[in-house]
Amino acid sequence: MVRSLGRVQGLLVPSLLVLLAAPLGAQAPSGARAVKLSAVITAFLVDAGTRTRGLAWTTGGELPVQWESPGPVTNPDSWSRQQGLMLARSGTFTGSIGDTVALDMTLVLSGNDTGLQRVTVHLPSMLFSRADGSGFFVTTQMVEQSLKDDGMTLQPLKCSRETEGASYGNLVDAVQAPGKTASGLWWFWQSPQQEPTLTLTLLYRRADMQQVECIG
């Protein structure tokens with residue numbers, strides 16, 4: 001895991017690690033209205049036929065996200081600032097996967113005065129607990145299938161789920177939704193202390209996609 005993250009040349013990962021480690025209120029409030037993970041990703045895809053150098057910071061304003069600030073603030077990561085990602089905004093929400101599973105998730109927006117340049121959804125725990133005390137770990141395959149069931153298309157661009165590690169790995173898809181332009185979707189999964197986590201990052205720039213390295 002550490003090797004794979006470090007090999008991304010520091011462009012994508014430092015701000016992600018800093019922001020996800022920052023105090024965000026940790027979890028979405030109990031009883032918060034759940035929103036489909038597919039809806040969150042779709043909200044940050046560019047409308048078909050639209051040319052933009054960065055989505056507006058107000059994008060996704062209709063989503064039930066508990067934001068940490070009313071707007072973007074100075075990006076806490078110095079490396080990301082050197083890459084031109086001067087601003088960031090983070091929040092938490094309850095995201096649904098399929099019809100029955102809902103998990104607490106973190107949303108991190110990164111960009112500059114032009115607009116959003118990167119959007120990250122982090123699932124700090126893939127454990128779904130039922131009311132009766134039982135539960136199970138949600139898999140990346142379940143997440144992928146839920147996106148497809150909701151009408152999104154995923155086309156592999158880099159790496160393969162079959163050859164990446166079971167405990168950690170990278171995968172880049174081209175993700176598209178009806179009426180939207182395809183963007184890169186970087187999957188990164190790992191299992192610290194044997195508990196799976198998943199990070200999904202929308203990459204709008206081809207150069208960012210090229211720097212994600214396969215582990216397998």
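In this chain, numbering begins with 1 at the start of the sequence shown. All values below were derived from every heavy atom in this structure, side-chain atoms included, with hydrogens, water molecules and symmetry-related copies excluded.
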Please test L127 against L103 for side-chain contact (heavy atoms from CB on, under 4.5 Å), starting from the C-alpha separation and ending with a verdict.
CA-CA 8 Å; L127 177 62; L103 299 173; over 6 Å; no
Take R33 and F93 through the side-chain contact (heavy atoms from CB on, under 4.5 Å) test and state the conclusion after the steps.
CA-CA 8 Å; R33 177 169 65 91; F93 67 99; over 6 Å; no
Determine whether T92 and D104 satisfy the following criterion, side-chain contact (heavy atoms from CB on, under 4.5 Å), listing intermediate values before the conclusion.
CA-CA 7 Å; T92 54; D104 291 337; over 6 Å; no
Given the rule in the side-chain contact (heavy atoms from CB on, under 4.5 Å) test, do V175 and T153 qualify, once you have shown the distances and angles that lead to the verdict?
CA-CA 6 Å; V175 61; T153 58; over 6 Å; no
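Heavy atoms only, all atoms of each residue included: A43 and L63 are closest at CB-CD1, 4.1 Å. Nearest heavy-atom pair across T181 and D47 is OG1-O, 3.6 Å. Contact record, Y204 with F44: OH-O, 2.5 Å, taken as the closest heavy-atom pair. Residues M152 and A177 share a closest heavy-atom pair of CE-CB, 4.1 Å. Shortest non-hydrogen contact noted between D208 and R118 is OD2-NH2, 3.5 Å. Across every non-hydrogen atom of P196 and Q194, the tightest pair is CD-O, 3.6 Å.
With L87 as reference, P72 is the one residue of P72, S80, S110 to meet the side-chain contact (heavy atoms from CB on, under 4.5 Å) rule.
Residues satisfying the ring pair (Phe, Tyr, Trp, His ring centres under 6.0 Å) test with F137, not counting sequence neighbours, are none.
Residues L171 and E164 form no side-chain contact, since every pair of their non-hydrogen atoms from C-beta on lies 4.5 Å or further apart. Residues F136 and R130 are in side-chain contact: their nearest non-hydrogen atoms beyond the backbone lie under 4.5 Å apart. Between T197 and P124, the closest side-chain pair of non-hydrogen atoms is not below 4.5 Å. With a 4.5 Å cut-off on side-chain heavy atoms, N75 and M86 do not count as touching. The shortest side-chain heavy-atom distance between L202 and L116 does not fall under the 4.5 Å cut-off. Residues L200 and L185 have side chains in contact (heavy-atom distance under 4.5 Å, counting atoms from C-beta outward). Within the 4.5 Å cutoff, side-chain heavy atoms of N112 are placed close to those of Q117. Inter-residue side-chain proximity for V35 and V40 is flagged as met; some heavy-atom pair is nearer than 4.5 Å.
One finds a salt bridge joining R161 and E144 here, because a Lys/Arg side-chain nitrogen approaches an Asp/Glu carboxylate oxygen to under 4.0 Å.
The backbone N or O of S38 sits less than 3.5 Å from a side-chain atom of T42, completing a donor-acceptor pair. At distances below 3.5 Å, at least one donor-acceptor pair connects side-chain atoms of K158 with backbone N or O atoms of V212. One N or O on the side chain of K180 and one on the backbone of L45 form a donor-acceptor pair closer than 3.5 Å. With T139 contributing its side chain and M142 its backbone, the two residues share a donor-acceptor pair below 3.5 Å. In this structure, D173 contributes its side chain and L154 its backbone to no donor-acceptor pair below 3.5 Å.
Side-chain contact annotation: N170 with W187, donor-acceptor N/O pair under 3.5 Å absent. E195 and S125 form a side-chain donor-acceptor contact under 3.5 Å, judged by distance and modelled atom types alone. Using modelled atom types and a 3.5 Å distance limit, the side chains of T201 and T120 yield a donor-acceptor pair.
Atoms OG1 and CE, from T199 and M105 in turn, are 11.5 Å apart once rounded to the nearest 0.5 Å. Of the inter-residue distances, the one linking R206 atom CZ with S183 atom OG reads 11.0 Å to the nearest 0.5 angstrom. Remark: L123 CG to L37 CG distance equals 6.5 Å, nearest 0.5 Å. Atom CG in L198 sits 8.5 Å away from atom CH2 in W189 (nearest 0.5 Å).
A cation-pi geometry, defined here as NZ or CZ lying under 6.0 Å from the six-membered ring centre and within 45° of its normal, does not hold between R89 and W57.
Taking a 6.0 Å sphere around CD of Q141, one finds it holds more than 12 heavy atoms contributed by other residues, nucleotides or ligands.
Residue pairs that meet the disulfide (SG to SG under 2.5 Å) test with at least one member in residues 94-187, sequence neighbours left out, are C159-C214.
One hydrophobic cluster, built from ILVMFWY side chains closer than 4.5 Å, cannot hold both V73 and L85; they sit in different ones.
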